[in-house]
Number of protein chains: 2
Amino acid sequence: MRERLATVPLFVAVPHYDGAVTEPKTPDAAAPTAPAKKHARDGKSNATIYDIAKVAGVNPSTVSRALSKPGRVSAKTQKLIEDAAAELNYQVNPFARALPTGRTNTFGLIVADITNPTFFDIIRGAETTATVRDYTLVLAESAESAVTELTAARRMMATVDGLILASPRMDDDDIRALARDKPVVVINREVDGVPCVVPDVNKGISEAVRSLAANGHHKVAFVAGPPQSWMSARRWEGVQAACEWSRLEAVRLESSKPTVDGGRQVARDVRASGATAVLTYNDLLAIGLMQELQAAGMVVPDQISIVGFDDIFGADFTTPPLTTVRSPLGECGSGATTLLLDLLHGTGEPAGTLRVETELVLRGSSGRLLPAG
Amino acid sequence: MRERLATVPLFVAVPHYDGAVTEPKTPDAAAPTAPAKKHARDGKSNATIYDIAKVAGVNPSTVSRALSKPGRVSAKTQKLIEDAAAELNYQVNPFARALPTGRTNTFGLIVADITNPTFFDIIRGAETTATVRDYTLVLAESAESAVTELTAARRMMATVDGLILASPRMDDDDIRALARDKPVVVINREVDGVPCVVPDVNKGISEAVRSLAANGHHKVAFVAGPPQSWMSARRWEGVQAACEWSRLEAVRLESSKPTVDGGRQVARDVRASGATAVLTYNDLLAIGLMQELQAAGMVVPDQISIVGFDDIFGADFTTPPLTTVRSPLGECGSGATTLLLDLLHGTGEPAGTLRVETELVLRGSSGRLLPAG
DNA sequence: GGGCATTTGTCAACCGGTTGCCATAAATTG
DNA sequence: CAATTTATGGCAACCGGTTGACAAATGCCC
């Protein structure tokens with residue numbers, strides 16, 4: 001089975017072609033005989049530019065221009081046509097428009113996991129910005145799989161004007177291949193030759209580490225995310241650099257998966273490491289870690305400080321609420337959309353990497369280390 | 001400004017029509033002169049059924065049939081065409097297909113707030129089911145406004161085969177008007193004449209109330225949600241009924257808004273009510289309420305039990321983790337999608353209301369009431 | 001008022017599949 | 001073996017809006 005076929009087979013039972021070819025469209029007002037009729041297209045939304053042209057007494061192409069090329073027709077005709085359109089309750093048919101032009105006023109956004117709160121704000125940021133500029137956002141999920149991701153991306157390519165990949169799992173080369181076809185913007189990863197939006201971790205991390213140093217910590221553990229995660233690598237680098245600057249010792253621990261569960265599992269290693277402060281690849285790990293440590297009787301932050309990354313929804317539900325390095329995820333989403341818009345409507349293509357700032361959100365899970373006793 | 005215009009004005013700076021009308025499509029392989037070229041459509045994805053027809057030596061209409069009407073052409077021709085399609089890396093153009101048929105293999109889903117975790121699972125459930133059946137899900141947000149919601153719905157109607165409204169804010173009549181045009185399914189609300197998916201609150205609530213009664217509680221407070229919320233009314237009814245059955249006293253309190261903040265604000269009233277157990281309209285309220293009560297020195301669940309609704313993401317991040325009445329939101333999303341699919345592909349239209357079960361998720365925030373002292 | 005530059009509107013081709021209708025070929029039946 | 005049904009492929013119209021080319025109308029200047 002070829003991939004293409006995957007988009008086909010479900011049409012079987014669909015009602016057949018109903019374009020009235022030769023019959024005149026007499027709107028037979030009352031047809032109360034058929035009790036439970038199909039959702040007919042006899043609504044008021046089927047006016048076309050041809051209908052408008054007839055009402056306004058002009059050529060359809062003039063209607064088309066009046067409605068999509070401001071200034072191309074005279075003010076008088078414009079008004080004539082707009083009135084007719086209003087009267088007929090005209091709505092352009094997006095498919096008819098997309099067919100010759102190829103543009104759809106639609107952007108695609110692919111995320112690894114719709115239920116991962118990290119993406120919520122990205123989605124919302126992108127959606128908001130897209131809507132403001134009259135674009136529609138289409139969402140797809142890769143279920144954390146590089147293959148699914150690529151399939152989804154390929155499928156989307158046919159129907160969107162541009163694509164946003166949030167924390168993509170696929171190869172750099174695959175991304176570049178997609179970008180050759182249509183504008184693509186990547187969030188949370190840097191890919192050579194493709195416009196990207198990445199949070200600059202340094203500011204937030206150095207704030208976090210300075211805060212830890214000031215509170216008497218000397219050894220910091222970093223719980224890493226997935227090995228292939230670009231962002232995890234950046235964060236670890238940032239932690240190392242900041243620790244060096246503050247003369248703290250930094251150790252790296254691995255997690256099995258970047259979830260609450262993964263956080264629980266890594267608690268053993270954290271205790272064994274002897275670190276008194278932990279930064280984790282993301283908030284979910286931090287929350288799981290904190291739950292497990294507390295269950296083992298440790299007091300946060302008196303005995304150990306925990307700092308997450310992202311400031312996801314729910315990060316302040318914990319007791320104590322989680323200190324975290326916030327990435328402006330909403331900004332990432334809206335920034336990526338803006339980049340896409342620039343790429344499409346802009347003059348040249350200067351679109352490079354857009355960096356956004358991170359900051360420390362100081363809450364209760366980090367603080368002064370109390371002397372053991 | 002008419003609404004229609006809102007979809008138009010942004011096209012101004014877009015690159016112009018590039019359909020090579022008279023020129024033959026000579027794929028000039030190497031064009032390394034233009035350094036930063038526009039995203040050309042010279043990719044390999046521009047094969048049409050006409051190209052396939054040429055390669056396979058048949059008529060384009062035969063190609064169309066081979067690819068979308070299983071059995072309509074002979075096995076031999078079928079294979080011929082499929083091979084040609086594979087060779088040319090053919091992908092159907094969704095717009096060309098949608099234009100004559102009107103079907104798009106797309107569903108719309110409108111939620112009040114993308115960042116409200118209640119909707120996450122609904123979205124995912126719908127997305128998953130839609131994808132399995134080769135439908136794409138398009139998401140829109142109403143920003144909690146009935147007007148925005150209706151606008152979004154109307155705009156979507158043009159491009160989708162069906163629409164799902166999750167906890168819609170608009171009038172019953174508006175919903176029915178939409179449903180007259182195309183299949184519509186409503187989640188979390190019952191609208192006469194429109195297929196709906198609603199969690200049946202009774203089982204979950206009675207489990208919760210029985211558990212509270214068994215733990216020595218006598219007076220239960222219910223913190224209500226927005227006055228116009230259909231679901232809030234159902235939950236209050238359920239709580240009253242269950243309390244009557246268990247011979248508990250039930251009082252109703254109002255919240256300002258169904259958020260964490262709203263939960264904090266209602267803490268005063270809760271304490272004043274004298275209730276020893278609280279059910280809240282949703283988990284966010286429960287979490288805010290718990291935070292505020294704990295900040296005031298109360299111990300949960302020793303002095304007061306708290307039970308939420310929905311079991312949203314993060315409900316188990318709290319200390320103690322939140323007891324809650326879970327609605328199978330994923331099921332709601334996938335159920336609504338299935339209903340839509342049935343409506344489109346099914347035989348008759350028996351689609352009525354689909355009820356899904358709720359259940360108590362017993363965690364740490366509810367339990368035995370300790371004698372004061 | 002004539003000549004030239006602009007506006008403004010029309011014509012027709014086109015985007016890429018879909019499907020009703022028909023002709024032919026093949027299969028079935030009496 | 002003729003007659004009829006069925007399977008198969010081709011033809012052409014069509015979905016609805018877009019746009020290059022061109023002609024008609026208008027405006028402007030001397």
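Keep in mind the model is a prediction, meaning the values are calculated, not measured. Quick note: numbers below take in every heavy atom, side chains included, and nothing from hydrogens, waters or symmetry partners. By convention in this document, chain letters (A, B, ...) are assigned in the order of the sequence lines, proteins followed by strands, and residues within each chain are numbered from 1.
Remark: B/R103 is not in phosphate contact with D/dC15, judged by side-chain N or O atoms under 4.0 Å from OP1 or OP2. A close approach under 4.0 Å does not occur between any side-chain nitrogen or oxygen of A/Y50 and OP1 or OP2 of D/dC14. Considering only side-chain N and O atoms, B/S68 lies under 4.0 angstrom from the phosphate OP1 or OP2 of C/dT18. Remark: A/S74 is not in phosphate contact with C/dT8, judged by side-chain N or O atoms under 4.0 Å from OP1 or OP2. In this structure, A/K69 reaches the D/dT19 phosphate: one of its side-chain N or O atoms is under 4.0 Å from OP1 or OP2. The shortest distance between the side-chain N/O atoms of B/T101 and the OP1/OP2 oxygens of C/dT18 is not below 4.0 Å.
We find that NZ of A/K76 is positioned 13 Å from C1' of C/dT7, with the value rounded to whole Å. The separation between A/L99 atom CG and C/dG17 atom P is 9 Å, rounded to whole Å. Rounded to whole Å, the distance from CD1 on A/I49 to C1' on C/dC15 is 14 Å.
Side-chain contact between B/L137 and A/L139: absent, with no pair of heavy atoms (C-beta onward) separated by less than 4.5 Å. A/L99 has its side chain within reach of B/N93: a pair of non-hydrogen atoms, C-beta onward, lies under 4.5 Å apart. Counting heavy atoms from C-beta on, the side chains of B/L163 and B/K182 never come closer than 4.5 Å.
Listed nucleotides D/dG17, C/dC11, D/dG10 differ in distance to A/S61; the shortest reach to its side chain belongs to C/dC11. Listed candidates were D/dG17, C/dT18, D/dT8. Nearest to the side chain of B/T77 is D/dT8. The listed nucleotides are D/dG10, C/dT18, D/dT18; the one nearest the side chain of B/T62 is D/dG10. Checking C/dC11, D/dG10, D/dG16 against every side-chain atom of A/N59, the shortest atom distance belongs to C/dC11.
Of the two residues near DNA chain D, B/A96 and B/Q78, the one whose nearest nucleotide lies more 5' is B/Q78.
Looking at B/T106, B/V160, B/D161 one by one, the single match for side-chain contact (heavy atoms from CB on, under 4.5 Å) with B/Y135 turns out to be B/D161.
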**Q.** B/S/- contact track for nucleotides 21-27 of chain C, protein heavy atom under 4.0 Å
**A.** B------
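B/F95 meets the ring-ring contact (aromatic ring centres under 6.0 Å, His included) test with no other residue; sequence neighbours excluded.
Not a single donor-acceptor pair, N or O on each side, falls under 3.5 Å between the base of C/dC15 and the side chain of B/T48.
Using a cutoff of 4.0 Å between basic side-chain nitrogens and carboxylate oxygens, B/R155 and A/D134 are scored as salt-bridged.
Using a 4.0 Å heavy-atom cutoff across all strands shown, B/V58 reaches sugar-phosphate atoms only and no base atom.
Across its full length, the helix from C/dG1-D/dC30 to C/dG30-D/dC1 shows an angle of 30° between the axes of its 5 terminal pairs at either end, rounded to 10 degrees.
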